[in-house]
Student: 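Structure provided below as structure tokens; questions to follow.
Worth knowing before you read on, the calculation uses all heavy atoms, side chains too, and leaves out hydrogens, waters and symmetry mates. The sequence lines fix the lettering, A, B, ..., with proteins before strands; numbering per chain opens at 1.
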2 protein chains.
Amino acid sequence: MTARPAASGAGTVPGRPGPGRIRRRNRTRILGAAEEVFAEKGFDGATTAEIAERAGLPKANVHYYFGTKEAIYRAVIDGIMELWLEAFGEIDERDDPAEALARYIRAKVSYSRNRPLASRIFANEIIRGAPVLRDFLQGELRAWVDERARVLRRWAELGKMDPVDPAHLFFLIWAATQTYADFEVQVRDVLGRERLRGEDYDAAADFITRIVLKGCGVKGA
Amino acid sequence: MTARPAASGAGTVPGRPGPGRIRRRNRTRILGAAEEVFAEKGFDGATTAEIAERAGLPKANVHYYFGTKEAIYRAVIDGIMELWLEAFGEIDERDDPAEALARYIRAKVSYSRNRPLASRIFANEIIRGAPVLRDFLQGELRAWVDERARVLRRWAELGKMDPVDPAHLFFLIWAATQTYADFEVQVRDVLGRERLRGEDYDAAADFITRIVLKGCGVKGA
DNA sequence: GTCTATAGGCTGATAGAC
DNA sequence: GTCTATCAGCCTATAGAC
């Protein structure tokens, strides 16, 4: 998140070996390894030794790039949060409620399927009282929900759906979609699957969409 | 969970000081403190030193009673799991679907309100891949869902509700209700509350019940 | 920039006096 | 049964040769 001058100095070809290339590759490796370890063990359980090992680098190298374990954690969280709100598309007053909600739910389930580690790190962070993300929750997230609440109220006024409490609706959608990442083991064991397959995620998205749309009395669903 | 002979020896008055009384009190204190620490820090982040401090006992005393940190953790989990299934009442074929589901959801929200620490410890255990609870998930929990699935299918045959996938329905109910314990900070921050109040939990239970009953087309809801 | 060696602190667990 | 003192091991982080 810290601004750094563009990597290519005089006489280097952009996108070519040049300075900063190894640096970028190593940072990426470390962040990838860290995402795995933080998701599996939580912040306290994770060790820089294991992160270094999975990144294929000596431990001292990891500290050379990031300084402290907490700095690695914050960098991982930053990467996750960049996606958190924007990547799920917008929910706009001019949208059709059924379409917009279905799209949002599908995007969240996709995220659980494709980025389960990110989801688990986020879950862990919140369960522990959000020491790093408290500001995000009180600021950006709350504002996002307030904005979306306006949209839902408008839709209800127009008779396009029942008047429902918007905050609780989002709590339900978030919880129901994220459970397929955070509690994947439970889902797998109850369904008797070795691993969750594409069809399972599709079934989850269809189920949640159906319950939410019908449950909220969304017209044309 | 290990069988221990009844505490009162010859000549002791039951429920009176006697042998085993201090033992029981100390074990209870340790388990209470451990529940707090495991919920806040997770298994790896928790330290026996902090458990001992909160229990008001020397660290060595904690090891005298439980031996290892893992033994404390397993004892805490055992206590939690005893409630997990039975305490939520049954869901029986002869029940009225609307009543039975509403009662189940209300009981789960109550649990989130009254035992948030237990809920968080469970969540942490599942996120980490359920090293201790894997057998429970594959055995008891799966069997419980299979049994309830029969009931839901029967209700659908009788036209009392839509035919819905029972497993996904329970995933949704579990996730939606537990989020008020596990993600309490998020709920609080989005709602702008200092602390969650009774009305908030009531609103949550009402909301989830309404969405689920209407979403599943339960008659007479 | 990279990596070996190691400092310094905290952890789970135990020995042994009371 | 209780508790002080302590150990061995692992952890984060850094110093310093290359």
Student: Just how far, in rounded Å, is C1' of D/dC10 from CD of A/E50?
Tutor: 13 Å
Student: Which residues pass the side chain to side chain donor-acceptor pair (under 3.5 Å) test with B/R103, not counting sequence neighbours?
Tutor: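 Once residues adjacent in sequence are excluded, B/R103 has no partner under the side chain to side chain donor-acceptor pair (under 3.5 Å) criterion.
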Student: If only side-chain N and O atoms of A/N26 are considered, is one of them under 4.0 Å from the OP1 or OP2 phosphate oxygen of C/dT2?
Tutor: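 So the side chain of A/N26 is within the cut-off, an N or O lying under 4.0 Å from OP1 or OP2 of C/dT2.
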Student: What is the distance, rounded to the nearest whole Å, between atom CZ of A/R23 and atom P of C/dG1?
Tutor: 4 Å
Student: Taking CG from B/N61 and P from D/dG1, how many angstroms apart are they, rounded to a whole number?
Tutor: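 After rounding, the gap between these two atoms is 10 Å.
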Student: Tell me every residue that passes ring pair (Phe, Tyr, Trp, His ring centres under 6.0 Å) with B/Y65, counting only those two or more places apart in sequence or in another chain.
Tutor: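 Once residues adjacent in sequence are excluded, B/Y65 has no partner under the ring pair (Phe, Tyr, Trp, His ring centres under 6.0 Å) criterion.
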Student: Distance check needed: D/dT12 C1' versus A/I72 CD1, whole Å only.
Tutor: 10 Å
Student: Output the rounded distance in Å from CZ (A/R27) to P (C/dT2).
Tutor: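 Nearest whole value for this atom pair: 13 Å.
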Student: Can you check the A/L57 CG to C/dT4 P distance for me, whole Å?
Tutor: 12 Å
Student: From the options A/D78, A/L83, A/V76, select the one residue that forms a side chain to side chain contact (heavy atoms under 4.5 Å, CB included) with A/I80.
Tutor: A/V76
Student: Using a 4.0 Å heavy-atom cut-off, write out nucleotides 11-18 of chain C from 5' to 3' as B (base contacted by protein), S (sugar-phosphate only) or - (no contact).
Tutor: SBBB----
Student: Rounding to an integer number of Å, can you tell me how far B/R24 CZ sits from D/dG1 P?
Tutor: 11 Å
Student: Tell me, please, which residues at least two apart from A/F88 pass ring pair (Phe, Tyr, Trp, His ring centres under 6.0 Å).
Tutor: A/Y111
Student: Hey, does B/Y65 reach any base, or is it just sugar-phosphate, or nothing, if we go heavy atoms under 4.0 Å?
Tutor: sugar-phosphate
Student: According to ring pair (Phe, Tyr, Trp, His ring centres under 6.0 Å), who are the partners of A/F183, at least two apart in sequence or on a separate chain?
Tutor: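 Expected list: none.
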Student: When the distance from CD1 of A/I51 to P of D/dT12 is rounded to whole Å, what number comes out?
Tutor: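 After rounding, the reported distance stands at 8 Å.
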Student: Applying side chain to side chain donor-acceptor pair (under 3.5 Å), can you list everything that pairs with A/Y201, at least two apart in sequence or on another chain?
Tutor: none
